[in-house]
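No hydrogens, no waters, no symmetry mates; every other heavy atom, side chains included, goes into these values. In what follows, chains are A, B, ... by sequence order, proteins preceding strands, each numbered from 1.
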Number of protein chains: 2
Amino acid sequence: MDKTQEEKILDAAYHCIAKDGYARTSLRQIAQEAGVAVSQISYHYTNKEGLLLAVVARAAQNYHEYMKGFMKEGMTPQEKGEQFITLFQEVLQTDPELFRVLYDLAGLALWSEPFRDRVRDVFAGITEQITTEVFDADVLAELGNEYSAKTLASMLFGGLFGIAIQALLEPEDVSIRNSLSALSVIFQK
Amino acid sequence: MDKTQEEKILDAAYHCIAKDGYARTSLRQIAQEAGVAVSQISYHYTNKEGLLLAVVARAAQNYHEYMKGFMKEGMTPQEKGEQFITLFQEVLQTDPELFRVLYDLAGLALWSEPFRDRVRDVFAGITEQITTEVFDADVLAELGNEYSAKTLASMLFGGLFGIAIQALLEPEDVSIRNSLSALSVIFQK
DNA sequence: AGTAAATTCGAACGGTCGTCCGATCGAAAG
DNA sequence: CTTTCGATCGGACGACCGTTCGAATTTACT
């Protein structure tokens, strides 16, 4: 337990948001969870917005670490695509908190300018990774060159995202979870 | 202007949420927008939660009226599928507020039990309509009977939903808007 | 050891929130 | 005309919010 207070606060903030959502999380909650005085948050992160922007960065980092562990060298683009879908399935079961935070922050971005930019970056990073690693020239040719790599990447990520929220709302419904696998029809035309 | 106060309050609530999001909308805002005393909200809707549940019903109703106007008699299932995608494109351009409300309420459902049930109903209603009208036996056979109608419906709706949020965050990006059209590959295998 | 800077704390502030309550209004019923 | 009752209002209440500030403590450097 040699975590600095700054880290303890960030961890607590992430955890509280995952549990209750951004709108229902107060600085006092975060401080208590971190075992720290409320004023420490302002000291280290200026204000609530500053802390939450740091949480966005943390969520993005968590996601990218999942990604690193999943994508192996030497996979074909199509295998990477399948793997991408599998990753979402895994995360949805083992760490649904991550997706909740992602959804919550994306929602926040709809209304708040400073968050919009950050969340955009996160989303852009994800789709760009799909664009370059999954939809290379060969795959695009197989699909008839009808759509650009970026378009297909947005479709894949959007599909994953949209199905994931349905799955969170209906955890018992297997046909929704199957939809995730079904998404692979995109590159099996 | 013969609207009853109850209607005025509901209209104002819907409008405020579409503008600022649920979390940033206060009863005083709604009351002012409706030209009504704050206490009237409790009188007609018991409390804030009661009012917001009514807003969910209103949003669902708005959506279904869009739907009624779009789906014509005598369309083939595949045409209905395409039409469904077109509807989302239209709404995203002409009435993005509706989608914002949908996203916001779905997010609320992640954290609040009473909302979860209502939002589930709305989502279930949408996917069920797709299930029965778009993915009939013929279409399923064309696609090789690999997935159930319900699975494919969740995928279509999820794809639309996930792409729509990206489009709202990146209004200038044409490749995202193209992703909506690209979704039709689902039933063009 | 002594001092200056960086941390940490608890208390307080002004503001906003959802809710509640008594008073008033207006129309229908006796 | 009086009574009754639902509708409407403005104000007040307690709780909680994010932020600020001065004092206490710890750390780092000479």
Side-chain angles (χ1 to χ4, degrees), chain A residues 1-58 101 104-105 107-109 111-115 118, chain B residues 1-58 101 104-105 107-109 111-115 118:
Chain A
M1 179 66 81
D2 51 351
K3 270 193 287 189
T4 167
Q5 298 232 43
E6 214 169 322
E7 290 169 328
K8 283 199 282 186
I9 292 173
L10 186 57
D11 286 348
Y14 181 86
H15 188 247
C16 284
I17 293 178
K19 187 160 61 79
D20 294 331
Y22 165 77
R24 283 152 296 281
T25 297
S26 72
L27 294 186
R28 281 170 175 81
Q29 247 175 81
I30 296 172
Q32 183 171 358
E33 170 99 13
V36 144
V38 197
S39 49
Q40 281 300 97
I41 298 178
S42 312
Y43 181 76
H44 287 292
Y45 294 96
T46 311
N47 51 26
K48 192 181 185 183
E49 182 181 89
L51 172 58
L52 269 297
L53 287 175
V55 172
V56 177
R58 155 67 61 93
V101 174
D104 211 36
L105 296 176
L108 199 51
W111 320 101
S112 151
E113 194 82 16
F115 279 96
R118 297 291 188 107
Chain B
M1 181 64 79
D2 51 352
K3 271 195 286 189
T4 165
Q5 297 234 44
E6 215 169 322
E7 291 169 328
K8 283 199 283 185
I9 291 173
L10 186 56
D11 287 348
Y14 180 85
H15 187 248
C16 285
I17 292 177
K19 187 160 61 81
D20 294 332
Y22 166 79
R24 284 153 295 281
T25 297
S26 72
L27 294 186
R28 283 170 174 81
Q29 250 174 81
I30 296 173
Q32 183 172 0
E33 171 98 15
V36 145
V38 193
S39 48
Q40 281 299 98
I41 298 178
S42 312
Y43 181 77
H44 287 292
Y45 295 96
T46 311
N47 52 26
K48 190 181 185 182
E49 183 180 86
L51 172 58
L52 270 297
L53 287 175
V55 171
V56 177
R58 155 68 60 93
V101 174
D104 212 35
L105 296 176
L108 200 51
W111 322 100
S112 153
E113 194 81 16
F115 279 96
R118 297 291 189 104

Nearest to the side chain of Asn47(A), which nucleotide is it out of dT8(C), dG18(C), dT19(D)?
dT19(D)
Any side-chain heavy atom of Arg58(B) sitting closer than 4.5 Å to one from Val101(B)?
no
Please indicate whether Glu49(A) has more than 12 foreign heavy atoms, meaning atoms of other residues, nucleotides or ligands, lying under 6.0 Å from its CD.
yes
Between dG6(D) atom C1' and Glu6(B) atom CD, what is the distance in whole Å?
13 Å
Give the rounded distance in Å between these two atoms: CD of Gln40(B) and C1' of dG18(C).
16 Å
So Trp111(B) and Asp104(A), do their side chains get closer than 4.5 Å, heavy atoms only?
yes
Do Leu51(B) and Ile30(B) have side chains that approach each other closer than 4.5 Å (heavy atoms only, starting at C-beta)?
yes
Which residue lies more 5' along DNA chain D, comparing Thr46(A) with His44(B) via nearest heavy atoms
His44(B)
Please tell me which of the listed nucleotides, dC9(C), dT19(C), dG6(D), lies nearest to the side chain of Val36(A)?
dC9(C)
Confirm from the modelled atom types if Ser39(B) and dG10(D) form a donor-acceptor pair under 3.5 Å, side chain to base only.
yes
What is the distance from CZ of Arg28(A) to P of dC17(D), rounded to the nearest Å?
6 Å
Starting at the 5' end of DNA chain D and moving along, which residue's nearest nucleotide shows up first, Ser42(A) or Arg24(A)?
Arg24(A)
Taken to the nearest whole Å, CG/Leu27(B) to P/dC9(D) is 15 Å
Can you check the Ile41(B) CD1 to dG10(D) C1' distance for me, whole Å?
14 Å
Can you check the Lys8(B) NZ to dT8(D) C1' distance for me, whole Å?
11 Å
If I take atom OH in residue Tyr43(A) and atom P in nucleotide dT8(C), what distance separates them, rounded to the nearest angstrom?
7 Å
Against the side chain of Lys48(A), the closest entry in dG18(D), dC17(C), dA7(D) is dG18(D)
Could you pull out the closest heavy-atom pair between Tyr45(B) and Glu6(B), with the gap in Å?
OH-O, 2.9 Å
Phosphate OP1/OP2 of dT16(C): any Ser26(B) side-chain N/O under 4.0 Å:
no
Tell me whether the side-chain N/O atoms of Gln5(B) come closer than 4.0 Å to OP1 or OP2 in dT8(D).
yes
Whole angstrom is fine here: how far is it from CG in Leu51(B) over to P in dG18(C)?
10 Å
